[in-house]
Amino acid sequence: MQAGLAAVREAIGQTSAVTDSEIKESLWYYYFDSDATIAWLRKTYKLKPKVRGADTPFRMGLPAIGNIDEHEEAALANYRHRPGPPPSAARGTSQPRPQPPPATGTSSLKSLSALGGAAGRGLGGLSSRAQPGAAPLSVVGMALSALKARPGVAPAATSAGARPGGGLLSQIGSLSSRQPARPARGPAPMNFAGRQVPSLKSMASGTGAGRVAESHQRQRQAELGTGAAAAATTTLYAQPSALAQFILGAGGARSGAGSATEAMGGLRQEIAGLLEACRQKSGAKKFGFDTPSPDDRVLSAQGAATGAAPGKKPKAQPATKGPSATEPTKELEQLKISDAPATPPKRKIDVEAEYAKTQGEHDTLNLVVVGHVDAGKSTLMGHMLYALGQVSERALRKLEQEAGRIGKGSFAYAWVLDATDEERARGVTMDVATGSFATAHRRFTILDAPGHRDFVPNMISGASRADVAVLVVDASTGGFESGFDRGGQTREHALLVRSLGVSQLVVAVNKLDMVSWDAARYEEVVARLGAFLLSCGFHKDDVRYVPVSGLGGVNLARRADPGAGAAELAAWYRDAADPGQPGPCLVDFLDTFALPERAVSRPLRVAVSDFFKGGGAGSVSISGRIGQGTVQVGERVMLVPGGECGVVKAIDVDYVSASWAVAGDAVVLTIQGIDIQQFAVGAVVCAPERPISVTARFEAKLAVFEPPVPITNGFSALLHTQSLSVPAVVRQIIETIDQRTGEVLKRHPRHIRKGTTARVEIVTESRVCLELFQDARELGRVMLRKGGETIAAGIVTAIRD
Ligand SMILES: Nc1nc2c(ncn2[C@@H]2O[C@H](COP(=O)(O)OP(=O)(O)OP(=O)(O)O)[C@@H](O)[C@H]2O)c(=O)[nH]1
């Protein structure tokens, strides 16, 4: 603690704004991660870094990742820990505490079910895969909605800030109970390699984080080879924790691994002694091994079921006939290492065949809604859902009353999607909200992304799950300009969605009521945006423009909407094919989006965008989008990193329980058999026979946008992939490339500037799940951000380490 205090003090300087006890408390809260503590303190107390980058230590043998600025620090603090308030915030200290970092970095699945509309009841098209007898809104979906909708409740993390009661035992209890309580909402504490640090308890018991350490250790041993295995084993143990020091005494804590092991041995003996005393007191008999064990009984029952002689185990081979320790068996000799992928196990349902039967029957598209802050995204979507009958009249009236009560009446429609208290009080979307609706030929899952620049990482998380996008622009005087000019999110969001593989876009030119439905203003916005979107890589034919008013509900769900302003619009906005008719509305355009091809035959990949305890004891529910492959109830899946396997107990597709799901579906998977501490945002649920690669060094082809300074070797930035962000360094610029021809322009240039395409080698601070773009498009895309701006985006071309 003292060392951590000194390090943090050193980094933030001798300021009287932060007391030692606050630093200690923050350190404790962040599990002694000095980086996160420093980032949080700086952000909260608005402290300037003493020496830029001095507190960002050298990790994993990479070039020092310096120059991380406050945006990145804040983003990192959020992404690494996604914290709730530090314990003292909940306890109530004498001094008013600043607000903790917001819990961002997750997508929030805000169900529309609570609104009483059809959304919560689910839509057609899933009937063929619905679980027999399934409730329309599954338990998981409802639990999820209830948990997320509850104000200020972070699922499964409610005890994190609880003040332990008095007494030594309760304090010890609280020490151990804090650890599992937090990861329900966020990842387990990480060491410098981004790996989960095992607690003493779990190391001793071989459960939870202990298993993480073991599996990482195994992985590390495999990486290093047998010779280095012993060294790897010792280096993986961290300093004894406060709990360890308490149990083992200060000597044990001080004197390193050897005496800690001895002390553990002593502790085990004491525990064994205590157990024996308990056994004697309770009168329980020691198991003598002269009667059938519980295992024997199970085997015997299985034998009976399969027709084998009940109670008989398979006969052991006489020792003389068996192979000696040095003599390989024939079977062993025949074993060969093969490059061919392992054959996937036989599954109960032929999901591909089932999917083929349902194709065309209301295909689902994931629709991300993006645009500058306050462009009117949530209002537009909320009003459209209401117009489509997804939100009941009663629910809307309630929202109007509630919004009016705090003087935010104009946000009533936005509140359909902005469901948290903080979002409503601030009038700003902070997290990705989801909902679903159907048009005549399509089903949509909405991902309403935040527009504020502070929440761009959340926007990336939403957009990385999208097939198609709606870009909302504010056409009011000055409104369009503030979003479109440098620093506005209209440009950044458009670039990001395109870089994330979205090629079909509808631009909703919103708030036209504020310029009296001026056709010239509409044309001006379309012309300026059109040129920019082409430069982002959108094809002219894949971009549609629609004049609307989200607040007035004009031109959203019907062409001839009766809303105020509809007549003015109809005066100049006509159907190109039939000028006698008003022009197409927003829903008309959404209904004509082409369906992207789904990679159903590829190995399963679901990037975890959120996770929580749910679905019964020992189960964890994860939300995410199936990037590729298929999944069915009862199937074995692997979580990477970690490599632990579990079984899928339940699947929810758009809040409806289903027995299978395919690439493109936004799902909640309930998985049994993997400890919650293994889960983290950015982990990937995979097919066990073809897991995704985990890397800290790879090559990417990058398109450079507008970096504040040219990118050189050693340039540091934040790397974003799916819902994950991690510090990274451009280790080497390999070559610049002609974007059109692919021809190499220059090898090893000293820097790359705006508009360049280049192949670079990137190293990341911790290992991330990535795949070659050619193998898995979803997980083969990366983005670099610095100073709160996206500076480059690209695809993974080679995995090095
Ligand atoms: N006059 C007018 N006001 C609108 C319109 N659409 C939205 N607004 C107002 O614009 C403000 C912002 O609306 P939101 O829907 O919260 O904007 P947003 O883009 O979702 O905001 P973030 O998600 O926080 O970026 C609210 O006061 C709305 O009432 C419109 O068509 N006309």
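Numbering of ligands and ligand atoms starts at 1, following listing order.
Remark: among candidates V548, T379, V369, the nearest residue to atom 15 (O) of ligand 1 is T379, based on non-hydrogen atoms.
The backbone and the side chain of L551 each have at least one atom closer than 4.0 Å to an atom of ligand 1 (non-hydrogen atoms only). Contacts with ligand 1 closer than 4.0 Å are made by side-chain heavy atoms of D513 only, the backbone lying farther away.
Using a cut-off of 4.0 Å between Lys/Arg side-chain N and Asp/Glu carboxylate O, R443 and D665 are scored as not salt-bridged.
No heavy atom of G552 sits closer than 4.0 Å to any atom of ligand 1.
Between the side chains of D542 and S503, no donor-acceptor pair of N or O atoms lies under 3.5 Å. Between N510 and D474, the side chains place no donor N or O within less than 3.5 Å of an acceptor N or O (distance only, hydrogens not considered).
Of the residues V587, L367, L365, the one that meets the side-chain contact (heavy atoms from CB on, under 4.5 Å) test with R442 is L365.
For ligand 1, the polar-atom distance check finds no N/O of L380 at less than 3.5 Å from any of the ligand's N/O atoms. Distances between N or O atoms of G376 and those of ligand 1 include at least one value under 3.5 Å. Every N/O-N/O distance between M514 and ligand 1 stays at or above 3.5 Å.
Ring orientation note: the planes of F444 and F437 are close to parallel, at an angle under 30° on the 30°/60° scale.
D513 pairs by the salt bridge (charged side-chain N to carboxylate O under 4.0 Å, His left out) definition with nothing, not counting sequence neighbours.
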